[in-house]
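Chain naming here is simple, since letters A, B, ... match the order of the sequence lines and numbering starts at 1 in each. Quick caveat: nothing in here was measured; it's all calculated off a predicted structure.
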There are 2 protein chains.
Amino acid sequence: MGHAAESIWDAEPGESLRVGPGFVLADVDTDSAPGYRGDKQSAGDDLAAGAAEFDQLQEMFFANSRLGDERKILLVLQAMDTAGKGGILRHVIGAVDPQGVQITAFKKPTDEELAHDFLWRIRPHAPGAGMIGVFDRSHYEDVLIGRVRELAPAAEIERRYDAINAFERQLVDEGTTVIKVMLHLGADEQKKRLQDRLARPEKHWKFNPGDIDERLLWPKYREAYQVMFDRTSTQDAPWYVIPADKKWYARLAVQSLLMDALRGMNLSWPVADFDVEHEKKRLAAS
Amino acid sequence: MGHAAESIWDAEPGESLRVGPGFVLADVDTDSAPGYRGDKQSAGDDLAAGAAEFDQLQEMFFANSRLGDERKILLVLQAMDTAGKGGILRHVIGAVDPQGVQITAFKKPTDEELAHDFLWRIRPHAPGAGMIGVFDRSHYEDVLIGRVRELAPAAEIERRYDAINAFERQLVDEGTTVIKVMLHLGADEQKKRLQDRLARPEKHWKFNPGDIDERLLWPKYREAYQVMFDRTSTQDAPWYVIPADKKWYARLAVQSLLMDALRGMNLSWPVADFDVEHEKKRLAAS
């Protein structure tokens with residue numbers, strides 16, 4: 001298995017899109033394609049080529065867990081509506097064996113969930129060994145919509161950033177590679193996508209009047225995202241901000257982040273923990 | 001959306017593979033392809049064509065759940081080792097949006113699970129509205145390996161058949177279409193597949209010496225399956241026995257069963273529960 005897919009990047013998303021000190025969300029061009037050598041025309045082929053390698057890496061990752069490797073991956077996806085989370089799940093995550101994937105969509109909390117600490121409903125969904133867990137929205141809602149709509153007192157919102165860092169630190173200590181992605185969509189592009197949903201009856205189910213309410217709070221969301229990055233993009237669990245006006249770019253970038261994580265594990269096929277020749281004989285006699 | 005895929009069958013799996021009164025497992029030819037008009041060469045194209053329709057049906061199914069439709073689907077997969085459950089998950093289930101799929105693999109029960117009734121660990125994994133749930137092994141292990149290896153007293157095994165029927169009846173009453181599939185593999189074909197796993201180091205992780213132990217109990221398993229069919233293939237939650245020596249056939253057949261279930265729901269795109277024109281104006285002004 002080569003690393004052929006690497007050649008599509010001048011600068012890898014794992015470096016160029018990582019949120020480090022001094023990061024300013026307002027400076028990101030949502031319609032850009034940082035580091036990618038190709039264009040819209042080449043993106044489909046590049047995604048397919050990447051998918052084949054991603055699929056192999058994921059199988060090896062899963063295989064090792066069956067022989068005791070405790071490592072796991074958690075991909076956290078956050079974004080404004082229509083930014084393309086669904087497309088990431090379908091076109092990036094959908095390329096690997098569904099047995100090795102665990103997707104959790106976090107909706108508006110229920111009354112029971114609200115009666116507990118905000119991390120209570122999150123913890124049980126952390127991925128197990130050999131799994132790629134995906135959070136479609138996450139505990140970060142509690143410092144995004146939570147902050148913008150003042151769903152909790154300011155002091156509680158403040159406390160949550162530290163609680164999140166402590167929680168993610170635990171996940172990392174337990175062998176989890178935590179990859180946090182914001183799909184960063186421009187306001188104009190969002191308008192087009194929402195208009196498209198409203199224009200097509202078969203897309204109406206994806207639309208919610210609340211989407212426009214949240215859209216009207218865009219500047220406040222941008223502030224909340226900025227604070228979130230400042231407080232929770234840690235060495236252990238960094239954020240990546242992915243320009244998302246070009247769907248093809250966002251998919252390639254997320255695929256690249258996942259493959260980086262898998263390549264970084266230096267995986268090989270696990271060695272049998274049984275006597276292969278003995279089993280061949282038993283099987284022949286059966 | 002046409003029902004073009006139907007033309008590939010002389011007799012639909014939903015009828016021809018259904019376990020009814022008088023069914024005898026020993027009479028099934030595991031290397032056959034009942035009702036399929038094509039052959040190995042055409043199967044790939046037919047599966048792809050079916051996948052496109054399955055994908056659309058599944059999206060409509062999921063969409064309706066967002067507007068209050070409570071229906072769900074549960075696919076139960078049971079089989080001897082190497083029969084191709086993994087391939088079904090990847091090539092049939094993998095064709096639809098992963099957000100709408102919930103796969104649960106039931107392994108050997110833990111001590112905590114064993115301390116409870118056998119259905120205790122199963123219930124929480126029943127699919128929610130709009131979801132296709134898949135059980136990769138299931139509560140039926142408790143009357144298969146449970147019976148063959150006498151893991152519980154005979155009276156307890158007996159009790160379980162009725163408990164399973166009552167449980168599945170509940171699921172059906174709650175709006176679940178329950179589709180139970182046995183992938184029926186021939187002993188010779190299994191031997192070949194196990195030999196292949198042993199011959200290839202990158203497949204060793206899929207092999208377990210216990211697979212041969214179970215293989216040696218094949219006649220007892222066949223008996224246990226027969227009793228299971230006799231006792232639990234109900235009107236509400238029928239079993240389908242799918243000849244599985246030909247992987248391409250088994251995949252087409254499972255796809256067909258799932259599409260039958262979806263077509264039988266007479267789905268259409270849900271009608272918006274908001275004022276579309278009003279929302280268009282709000283959006284334009286935003």
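Proximity to chain B (any heavy atom under 4.5 Å) is shown, for A:Trp205, by both the backbone and the side chain. Interface remark: A:Ile103 contributes side-chain atoms only to the contact with chain B (heavy atom separation under 4.5 Å). Within the 4.5 angstrom heavy-atom criterion, no atom of A:Asp188 approaches chain B. With a threshold of 4.5 angstrom between heavy atoms, B:Ala105 does not approach chain A through any atom at all. If you measure heavy-atom distances from A:Arg90 to chain B, the contacts under 4.5 Å come from both the backbone and the side chain. For chain A, the nearby part of B:Leu67 is the side chain; its heavy atoms alone come within less than 4.5 Å. Heavy atoms of A:Leu194 lying under 4.5 Å from chain B belong to its backbone as well as its side chain. A:Leu216 touches chain B through its side chain: at least one heavy atom from C-beta onward sits under 4.5 Å away, while N, CA, C and O do not. With a 4.5 angstrom heavy-atom cutoff, A:Asp136 touches chain B only via side-chain atoms.
A:Phe135 does not carry A:Arg137 over the face of its six-membered ring by the limits of under 6.0 Å from the centre and within 45° of the normal.
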Derivation of the salt bridge (Lys or Arg N to Asp or Glu O under 4.0 Å) call for A:Arg200 and A:Asp196:
CA-CA 6 Å; A:Arg200 298 164 66 187; A:Asp196 182 63; 3.2 Å; yes
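When all heavy atoms are compared, the tightest approach of B:Val92 to B:Phe54 is O-CE2, 3.5 Å.
When each of B:Gln195, B:Arg282, B:Lys206, B:Arg66 is checked for heavy-atom pairs under 4.5 Å with chain A, B:Arg282 comes out on top. Of the listed residues (B:Ala63, B:Ala284, B:Ala272, B:Pro201), the greatest number of heavy-atom pairs within a distance under 4.5 Å of chain A belongs to B:Ala63. Chosen from A:Gly86, A:Ser286, A:Ser268, the residue pairing most often with chain B at heavy-atom distances under 4.5 Å is A:Ser286. If you tally non-hydrogen atom pairs under 4.5 Å between each of A:Val134, A:Val271, A:Leu198 and chain B, the highest count goes to A:Leu198. Between chain B and the options A:Asp275, A:Asp55, A:Asp273, A:Val96, heavy-atom pairs under 4.5 Å are most frequent for A:Asp55.
Identified under the side-chain hydrogen bond (donor to acceptor under 3.5 Å, both in side chains) test for residues 94-111 of chain B, with sequence neighbours left out: B:Asp97-B:Gln99.
B:Arg71 has no carboxylate O lying under 4.0 Å from a charged side-chain N of B:Glu174, or vice versa, which leaves the two without a salt bridge. A salt bridge is absent between A:Glu202 and A:Arg197; no separation between the charged side-chain nitrogens and carboxylate oxygens falls under 4.0 Å. Ion pair B:Glu189/B:Lys247 not flagged as a salt bridge, since none of the NZ, NE, NH1 or NH2 atoms sits closer than 4.0 Å to an Asp/Glu carboxylate oxygen.
No option in A:His278, A:Lys280, A:Glu279 other than A:Lys280 meets the side chain to side chain contact (heavy atoms under 4.5 Å, CB included) test with A:Val276.
For B:Phe106 and B:His125, the distance between ring centers is under 6.0 angstrom.
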